[in-house]
Each structure stands twice: as structure tokens, then as C-alpha cells.
Amino acid sequence: MQYRSDFLVIGSGLAGLSYALKVAPHGTVNLVTKRGIMDTSTRQAQGGIAAVLSPEDSFDLHVKDTLEAGDGLCHPDIVELVVHQGPERIRELIEMGAHFDLRSMSADSYDLTREGGHSKRRIIHAHDMTGEEVERILVNRVLEHPNIKVFENHIAVDLITRHKLLRRGAVVTNAEESCLGAYVLNIDRGEVETYVAPIILLATGGASKVYIYTSNPDIATGDGVAIAYRAGALIGNMEFVQFHPTCLYHPLAKNFLISEAVRGEGGILIDKRGIPFMEKYHPLKDLAFRDVVARAIDTELKKTGDDCVFLDISHKPADFLRSRFPGIYQKCLDLGIDMTKEPIPVVPAAHYCCGGVVTDAVGRTTIHNLYAIGEVSMTGLHGANRLASNSLLEALVFAHQAAQHSIELLPQMRPLDLSEVLDWNPFGAVDSDENVVVSQNWEEIRRFMWNYVGIVRTDKRLIRAKHRIDLIQQEIDEYYWNFLITSDLVELRNLALVAELIITCALKRKESRGLHYNLDYPHKDEANWQRDTVVSLAR
Ligand code: SIN
């Protein structure tokens, strides 16, 4: 089956939906998403969107905070671009109907919260469910749009590139590297379909499922990074994985975040004896940058042998907590924890990938006509560590940038000759009788990534991880080519590749900076390492 459109969007979070809505007046859009349209990381975002919206704040301060968090690796032009566009992009969301919390009943006095590393209150939010609010607004618009067709339960398997077609013997007249579309597994039918388009956008989100403990939903398997890498795009800074300091620690709580806004509103980290410990680690105490707080908790846990630390905000009025954090309050209460009366048990967990598919200021990758925006991308905004709540902002700004650019590019793309595009060929693959290979490798990767490539690294641990991932990839590869593919297998193959890229980048960087902390090189090496770590598939 072949589907054709002017724009192919892969992913249905804030980035993909915003882009789709902006390009749809200029052409047809096919939007594929691997679960339901609302099953995205955006939907789970609690904190909010950072932007300069108060007279006490300034673009310069937001730029400065972002650069400081990024620890020398942010691209300053991109930081300026994103920060300056912030208020306009937020206004667009409000015009579409998004409701953010107000400070008073006056219509434009928004309640701005604080998170780690922000020198001012600048995070606009919808209680503690900001992602849910913006996702809902955009999904409604997308589903109503006559030019957008949504394909749920469709997972992209690989991009179709000209060089791949050349290798497979098809006749192509122009060998310039570009993308013709994607092979997409229709999960319900178990068939791989062909989607062709002159403009392709990756907005597939992050990869934190590569770690056993994560705040991310199950979809975060790094699909976009993996397929872009296999297609030959440059990938950068994969060693910079952000660990959120405070995920709920409870056997029945899967991936539940306790927003940094809880510390922004006065929450204090304490050990099981009730003693606050952040003052030992940083003058900003509980509102230090995330890498500092996550490492401090890791150190405390290793020192004491405790399973978790605690986040205490019970000193604040109960009514305030219930109305400011209704989602967190209810989730904790369901598990028998009343945050208005007692501290919440928390541990760090993998939360955000600062690295990804390398793009320019309009979201274009190193492959002509392939764009990447949102968490899948590495635009240069986050550098070595992302400032809290800058990611939804980045998704909005780059959706706008990429949309403007691709609308201009569309008429310049020569019409596709569909006979160039070969349909997927399973090459005699049969149904697997050994799905245990998938579950075994899935489990193993996520565990050794946590133990060897986690918050604190050493070369020895990284090399151990490299040996393991090499073996596992060999096994997955054999399996992949012999058996009919399933979405679990597609995700496993992607997860393994992303793990390999994180390990490779981490081994390359011989220093500690931002989120990458290696005990063998505990200091920053400005002379040699004030640069991005870039990798690509050698052809
Ligand atoms: C949070 O609410 O703590 C997460 C916000 C973010 O990761 O930007």
C-alpha cells in the first residue's frame, strides 16, 4: 500500500502537531503516530513552558540562564532565537484556546512558576498538567483539519533515501541525498506500508526508555534518532541524558514525575532522617541545575544505602497544594501518600535527551528535505544540560521555523516519480516463534544502561556497556532480517541503536560537563572539548 502527501509528519506530540497545523494550509499532510494520537511525552509534561512574560524578566536573563545550564555547549544564536520567539509562540497557543493558570482574575496576569536554574519566575503552566492542556487543544484542531490525515498505531520502520534505493538497484536520476518517504508498519494489520512525500518531518520525541528507571512514557524509544542515523543523518551530543531528580518512588508508580515546580514552590529534599542535604552541594540548594541535584541524590543514596530520598512541601497550606498540584496530589493520594501532610519518596530517573538529530536554525537535518524538531533533535538550544521547561518552548519555536522553511521548499521539490520508490520487501521473513529474544534484550539493555551509563560514569563501565551492546545488536540484527517485523522488534532495534550512540558519544568525551559526568575525567576540558560530539553512519 502506498500513501502520498505533500508533508509526512512522524509523531504527534507538541512539535509534530504544531508543525502539521502550520503547513496544512499549504498542502496535504499525512501524520503517522505509533500509538494513539494523545500517547506522547508532551501529554505527560507537568512543569510548563518557559518564556519571558513578566515585566520583571528579560530576554537577556532567559538567555543567560539557558547558557549557564548548557555549560558551554549551547549555540548562542539558537538560544537567542528561541528565547525571543517565546512570547509570540505562547500567544498563538492561547489564541487557539489553551488555558494557563492566572495569578488573579485579570485575563493576562499569568501565574508564572519557577524551576531549577531560572533566575526569575517565567514558567507558564496549566496547574501541573500543562502538556495535557496543549496536547488536547492541538489534537482537536488537527483532527478537524481537512488537509491532515492521521494514522494511529503506525510506527515508522525506516526512511526511504535515494542512496538506499541506489544500493538496492533501483534506477534514480539524481543521487543527491534526500528522503523520499518512510516505510511504516501498520501495527493492526501487521503490514509495512510506503509513505511518500517531498517533505518529511521527524517529531518522534525522546529515548529515555533506554534506561530502566525513567519518567518517560513507553513510546520514548528513540525511533527518530535511530531511523535518521540509519539514513545517514548526523547525530550529536547523545551522551547528554538528563536525569530528573524527583520521580515518585513507589512499587505501583510507573514513570511518575514529581514536577520540579514542587521545589520551585518551596519543596525541600530531605533524607529519611528528615535532614535537608542540598545545601552541602550547591548555593542554590534545591533549585540548583538538574544535573547537580540528580548527582547529589545519587551520592546520598550511595552513601547511605537508602532506596530513596524525600521531597517535603507539607509546610505549605494544604489548599494551595491541592489547587496548584492537583495531578501530583491525587496520584500520591491514590498510593497512600498525602503530600499535604508527609514527604514524598523520590529517586532520579532518565528524563530527557539533550542530544539527537543535528539540525540548523530551521530544523533541517543534514539530509535534504528531512526536518527534525522537538526532543528528537539537537538544535543547539540545550547544550550539555537543558534548562527546565525550555523543551516545550523549543518544540513550539522549531515547529514554526521548520514550517516556514518547508512551505518555501515545497514548490522547489521536483515531483516524485513513484516508480522510484520500491515497496517494502520482507525477503522471505517468517513469523517468529521466539519472542523471548525481544523481551530478554529489552530488559538487559535498559538495566546495563542504568548501571554503566547512568548519572555517574567511568571509562571501565562504558567499555563494559559497549561490549554488551555490540553482542546484543548482532543478535537483534540476525533476528530482524529473518522474522516478520513487529512494533516490539522495531522499538528494540531502535533502542539498541540509541544505546550504542549514547555509549559511543560518552566514550568520546574525555571530560565531565553538564549531564555527562565521568569519574576518570572529573573536570571540564575547555581547550579540547568545548564542542559537540557528532557521529554518523560511515558509508
Ligand atoms: C518538571 O515538571 O519537573 C519537568 C519539566 C521539564 O522537564 O522541563
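Just the heavy atoms: all of them, side chains too, but no hydrogens, waters or symmetry mates, feed the values below. In each ligand, atom 1 is the first atom listed, and ligand 1 is the first ligand listed.
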Verdict with reasoning, L102 to S109, per side chain to side chain contact (heavy atoms under 4.5 Å, CB included): CA-CA 6 Å; L102 295 169; S109 173; 5.6 Å; no
Numbered atoms and elements of ligand 1 in range of [X], under 4.0 angstrom, heavy atoms:
{"X": "A388", "result": "8 (O)"}
{"X": "E115", "result": "1 (C), 2 (O), 3 (O), 5 (C)"}
{"X": "H244", "result": "1 (C), 3 (O), 4 (C)"}

Validation row: I270, F277 side chains within 4.5 angstrom (heavy atoms):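 No - every pair of side-chain heavy atoms lies 4.5 Å or more apart.
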Chi angles and distances behind the salt bridge (Lys or Arg N to Asp or Glu O under 4.0 Å) call for K34, E491: CA-CA 10 Å; K34 70 178 179 177; E491 288 185 336; 2.7 Å; yes
Residue pairs, two or more places apart or on separate chains, that pass salt bridge (Lys or Arg N to Asp or Glu O under 4.0 Å) and touch residues 305-316: K272-D306, R273-D306
Contact check: E260 vs ligand 1, nitrogen or oxygen atoms, below 3.5 angstrom: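 Such a contact does occur with ligand 1.
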Heteroatom distance test (Q46, ligand 1): nitrogen or oxygen, under 3.5 angstrom: no
Under-4.0 Å heavy-atom contact with ligand 1, by part of L257 that carries it: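 L257 to ligand 1: side-chain contact only, backbone stays beyond 4.0 Å.
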Per-residue contact class, R290 against ligand 1 - non-hydrogen pairs under 4.0 Å: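 Only the side chain of R290 comes within reach of ligand 1.
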Pair R324 + D128: basic N to acidic O under 4.0 Å: no
Carboxylate-amine/guanidinium contact R513 E239, below 4.0 Å: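 A salt bridge is absent here (no side-chain N lies under 4.0 Å from a carboxylate O).
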Side chain to side chain contact (heavy atoms under 4.5 Å, CB included) between Y211 and R446, intermediate numbers included: CA-CA 4 Å; Y211 290 93; R446 299 182 68 218; 5.9 Å; no
Shortest protein contact, atom 2 (O) of ligand 1 (heavy atom only): S259 OG, 2.7 Å
Test item, H351 contacting ligand 1 (heavy atom, 4.0 angstrom):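 Contact check H351 vs ligand 1: positive.
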